[in-house]
Amino acid sequence: MVKKRILTGLLSVIMSLGISSPIANIQTFASTELLKVSDFTDGTGLPWTEVETPPSHADCDISGGSYNIKITNVATGSERFDLQFRYRNLTIMNGCTYSIKFTVKADKDCQIYPKLGESGGKFAEFWNYGTTADDTLGWKMMPLKGGVPTTVDTTFKVDFSKQTQDPALVGASECPGCEIAFELGGINGEGQIAGGISSRSDLPITYSFSDIHLLGPSPDIPPIELPSNAIRVNQVGYYPSLEKTATLVTNSTDPVPWQLHNSAGTVVATGTSKIYKDSVTGTNVDKASGDKVQIIDFSSYKTVGKGYYLTVDSKYIDPTLIASTTVAGATLAKSMPFDIGMDIYTQLKKDSINYFYQNRSGIDITMPYCVRTDLARVEGIKDIALKNVPDSGYTGDNDTYNVEKGWFDAGDHGKYVVNGGISVWTLMNEYERALNSTDKTLVTKAPFADGTMNIPENANKIPDILDETRWEIEFMLGMQIPDGTYAGMVHHSAHDVSWTALCTRPDEDYQTRYVYPPSTQATLNLAASAAEAARLWKNYDSAFASKCLTAAKAAYTAAKANPTMYFKTGGDGGGDYADTNTTDEFYWAACELYATTGDSTYLADVKTSDKYLQMPTSLIGGEDIGSNGAFDWGNVAGLGTLTLVTAKNSLPFTDIVTAKANIAKAADSFISTENTQGYGSAITEALMTVSTTGEKITGYPYESNSYIENEAIVMAYAYDFTGNVKYINGVAEAMDYLMGRNPNIQCYVTGYGTNALKNPYHRFWSYQEDNTYPQAPAGCISGGPNSGLEDQLVYGLGWKAYTRPSEKNFTDNIESWSTNDVSINLNAPLSWLTSYMDYSVPYPPIPSIGDVNTDGKINVLDYLLLEKAVNGKVTLTGTKLRNADTNDDGTVTSADLTSLRNYLIHKVKALPSK
């Protein structure tokens, strides 16, 4: 079968050029321009894009009416196609006449290889520079004279029988999934075929392309309608008992009347929007999005139902933003549909954690666990005897490593101890919170109890979520150096020596793989994660728990002996996860070891850390120094503090109270940010570094959605500790942003919402590139807006760092790794949050203050329970704790006993309400 490239979303509008008519009808089509972009005078180039195979590299710029490509490096032994400038998703018809025209200039003498043909499969060519007058193909490089523009303008007839690469095309009427490609680079004498550059001394070399045309038969194709809703909502839904807000994009400076409709179209609630004033601009322009907005609050409506939508009169809306409906002759701008109910995230909590099984290494991925048959795959990569990467400068050990298990980190096939650490901690913490909850039924539910997850180990009498995390822990354990000078230290990562391309299953990845040098960061990530695993596994597999604890202790000792062994680079086949500040990792590891062992040595390290009991609100390590956030892979102090308040330990009661207060204070900061943002985002624009240029800009960081998720976890803990409903409303608002209440009208999760994510950056889930590969499963969350804009796809859009509003730096395209990647550190907090919300949101009405035991009554039983809590005999959490604050001063003390007693003996008529 001929492979077909399919592009959706924004690019579908730009690139919809496929033709399905039979060859017999070709003559009915006029010869038309098939390229939607033929010149670059307006500074945009997409769908033209430059791609490269590392270590080959080019810097791109669109200016002066040209798409300029400056090649700075090519690989040794490189081919002519190590770098390409290309336009994809063309359909070429057999027996038809085409014309191609382009102008190219290079600043040095060189050669290029232009062609029209398949973009995959057998890479059959229908035209190239060597094509003769009788349309016979020849493989010939096109010479360029330095500084001299060269124009090609030729007409040819496509004859599938004259190409020899793809037998499947013989007798076919059309070939979808084709491209115009200019193959660049390559050094003569170093590759298997002629290169384009005489010697490495020619680098850098710059090519400038302009005035590119392809004329041929094409029918009219209706445009694909893009989301244009002026009312942006959580496309999944809202909880009946929590706040419900939407963002309205409008030029109006006065409040706008709105209506809430049920699925039958009946108006069930009305109101007027709230005027928004941005804290930075001082106007109704939301700085992070650039939109003029107002806020619609329909929290008072609590009826459960499906298919609700909001409307406003279209006269208040920019005509380009109207997705409309007609009611009684009036045109109304409408939102996308959403539900109101208690089961908003019930299915998503299952899909989001299934992400980890789907990305396991070292196992065949099979039905029924992979959900869809097209997602099944064989193991492929076998990391059973990996050696140290050569020429890294590290010579500390010559061992080989069996690290077959673990999770593929993101869209590639790398496995990283550092990012694995926070990801596996998040899932284990999800379980540990449930384990130590006052609600003892939690551990009997999904994904905690055995038999509640869709994984092969779901009938072994072990909590399923622990089974899944063990797959990663065993990989991390395997990365530890067993003996010698650096015994106990942990190798940083295991991955390919060079980046692979999209459309690569693990069994199609033929790159050599290595383990990369050990680092203090990786070593402490193992120390922390293995210590956590040890206490959670002790009642299920004591031998494994003992192995984890032994490894954790050895890692902590080794890290203390080697406190500055910082990781430098993963080379050309993996990410760096570099960090030169390990004070937070030492604190986190000490917290986990203390929580597991109770050892005074670890406690001393915990208490002497300047991170003790703290919950950060900005980050000081890793790659995003200065960004808003509680924690990420490079800033893990907050994980240690959360462990101290979650795991059972012997810290003084006053210290636990301090930690909980600090967590609530951080949550207050994040909620304050939500309240000042037009779309309820929990992060603000902050100073950041563009990874590709080193440029300092202000904006949203790479994987900005993960920062919002992790902040929401802090809000959730604050709700647990205080019972104050503002915190769980904060969690809900963070989820609203991720599920569609954002300026891109994008639900950032696959399979959910009207405008669900479709094309994340992933080697196997590459349907957009090649429809013989599968679409992503439901429940995968995108990294989201990134002001750095580091990939070539966004360059083709004409986007540059700091030239667009932060929240709009996103495109749902598989080639945009900088805005649309998926990763384990993104899906782990999604799993945490969806299970939390599914079990923690109170049913309406919210229970009353004074109903301490939450039995629906306020009586002496509540007084007795409150008395025990005040005297330290029991610990209250969640709704019980909130209801215990009977004088509404934010704390639970003896004053609350007095307040409740006065109510019970009728000295006061009512208690406060929240």
Side-chain angles (χ1 to χ4, degrees), residues 54-55 383 386-397 399 401 403 406-410 412-425 472 475-481 484-499 513-530 551 554-589 619-625 631-637 639 689 691-692 694 702-703 823-825:
D383 290 337
L386 294 192
K387 298 179 180 179
N388 278 278
V389 64
D391 303 322
S392 69
Y394 170 73
T395 57
D397 72 274
D399 297 294
Y401 292 85
V403 289
W407 301 318
F408 294 130
D409 179 69
D412 60 289
H413 297 142
K415 297 186 290 190
Y416 306 85
V417 173
V418 170
N419 203 40
I422 187 173
S423 304
V424 77
W425 176 91
E472 180 72 0
F475 153 70
M476 296 172 71
L477 291 171
M479 295 286 278
Q480 190 168 39
I481 299 172
T485 303
Y486 295 109
M489 293 295 286
V490 177
H491 284 275
H492 197 80
S493 54
H495 57 73
D496 295 335
V497 70
S498 294
W499 290 110
R513 293 172 67 83
Y514 295 102
V515 294
Y516 285 73
S519 69
T520 307
Q521 307 101 295
T523 303
L524 290 168
N525 268 261
L526 175 67
S529 301
Y556 191 73
T557 300
K560 281 200 153 188
N562 301 278
T564 58
M565 188 177 284
Y566 302 133
F567 189 72
K568 296 179 181 179
T569 177
D572 297 310
D576 293 342
Y577 290 109
D579 183 7
T580 57
N581 180 354
T582 56
T583 58
D584 53 318
E585 281 90 355
F586 273 108
Y587 170 69
W588 174 35
L619 307 182
I620 60 171
E623 295 174 352
D624 292 306
I625 298 174
F631 42 82
D632 70 349
W633 63 262
N635 299 267
V636 292
L639 309 187
T689 302
S691 64
T692 52
Y702 173 65
E703 290 188 346
S823 65
I824 55 177
N825 66 288

Report summary line: OG1 (T523) and OH (Y556) are apart, to the nearest 0.5 Å, by 13.0 Å
Report task. Check A487 against A558 and note the closest heavy-atom contact, atom names and distance. Result -> O-CB, 3.5 Å
Report task. Would you please test W633 and N525 for side chain to side chain contact (heavy atoms under 4.5 Å, CB included) and show each step? Result -> CA-CA 9 Å; W633 63 262; N525 268 261; over 6 Å; no
Query raised in the report: Who passes side chain to side chain donor-acceptor pair (under 3.5 Å) against H492, sequence neighbours left out?
Result: S519
Query - Flag, side chain of Q480 to backbone of V490, donor-acceptor distance under 3.5 Å - result: no
Requested in this report: State plainly whether the residues D409 and K415 are in salt-bridge range, i.e. N to O under 4.0 Å.
Outcome: no
Requested in this report: Using modelled atom types only, decide if a donor and an acceptor are shared between the side chain of D397 and the backbone of D399 within a distance under 3.5 Å.
Outcome: yes
Requested in this report: Answer whether the closest heavy-atom distance between the side chains of Y394 and P518 falls below 4.5 Å.
Outcome: yes
Query raised in the report: Does I824 offer a backbone N or O that forms a donor-acceptor pair with the side chain of N419 under 3.5 Å?
Result: no
Requested in this report: Could you tell me the separation between the CG atom of D496 and the OH atom of Y514, rounded to the nearest 0.5 Å?
Outcome: 11.0 Å
Report summary line: dist L619:CG -> D632:CG (nearest 0.5 Å) comes out at 5.0 Å
Query raised in the report: Got a sec, which residues hit ring-ring contact (aromatic ring centres under 6.0 Å, His included) with F408, two or more places apart in sequence or on another chain?
Result: H413
**Report entry** Note, L477 side chain near L526 side chain (heavy atom, < 4.5 Å)
**Finding:** yes
Query raised in the report: Who pairs with K560 by side chain to side chain donor-acceptor pair (under 3.5 Å), at least two apart in sequence or on another chain?
Result: D605
Query raised in the report: To the nearest 0.5 Å, how far apart are CG in N825 and CH2 in W425?
Result: 13.5 Å
Requested in this report: Check the surroundings of atom OH in Y401: do more than 12 heavy atoms from other residues, nucleotides or ligands lie under 6.0 Å from it?
Outcome: yes
Query raised in the report: Ignoring hydrogens and geometry, is there a side-chain-to-backbone donor-acceptor pair from T582 to T564 under 3.5 Å?
Result: no
Query - Backbone of D579 reached by a side-chain donor or acceptor of Q521 within 3.5 Å - result: yes
**Report entry** Test item: H491 side-chain N/O and M479 main-chain N/O as donor-acceptor pair under 3.5 Å
**Finding:** no
Query raised in the report: So, does T520 use its side chain to make a donor-acceptor pair with the main chain of A559 at under 3.5 Å?
Result: no
Query raised in the report: Shortest non-hydrogen contact from A589 to A528?
Result: CA-CB, 3.8 Å
Query raised in the report: Do S493 and D576 come close enough that some side-chain heavy atom pair is under 4.5 Å?
Result: no
Query raised in the report: Would you find a donor on one side and an acceptor on the other, under 3.5 Å apart, between the side chain of D584 and the backbone of V636?
Result: yes
Query raised in the report: Taking all non-hydrogen atoms of both residues, which atom of A494 and which atom of L386 are closest, and how far apart?
Result: CB-CD1, 3.9 Å
Query - Any donor-acceptor N/O pair, Y416 side chain to G575 backbone, under 3.5 Å - result: yes
Query raised in the report: How about E472 and S423: does a side-chain donor come under 3.5 Å of a side-chain acceptor?
Result: no
Query - Short side-chain to backbone donor-acceptor contact, Y566 and T580, under 3.5 Å - result: yes
Query raised in the report: Rounded to the nearest 0.5 Å, what separation is found between the CG atom of N635 and the CH2 atom of W588?
Result: 12.0 Å
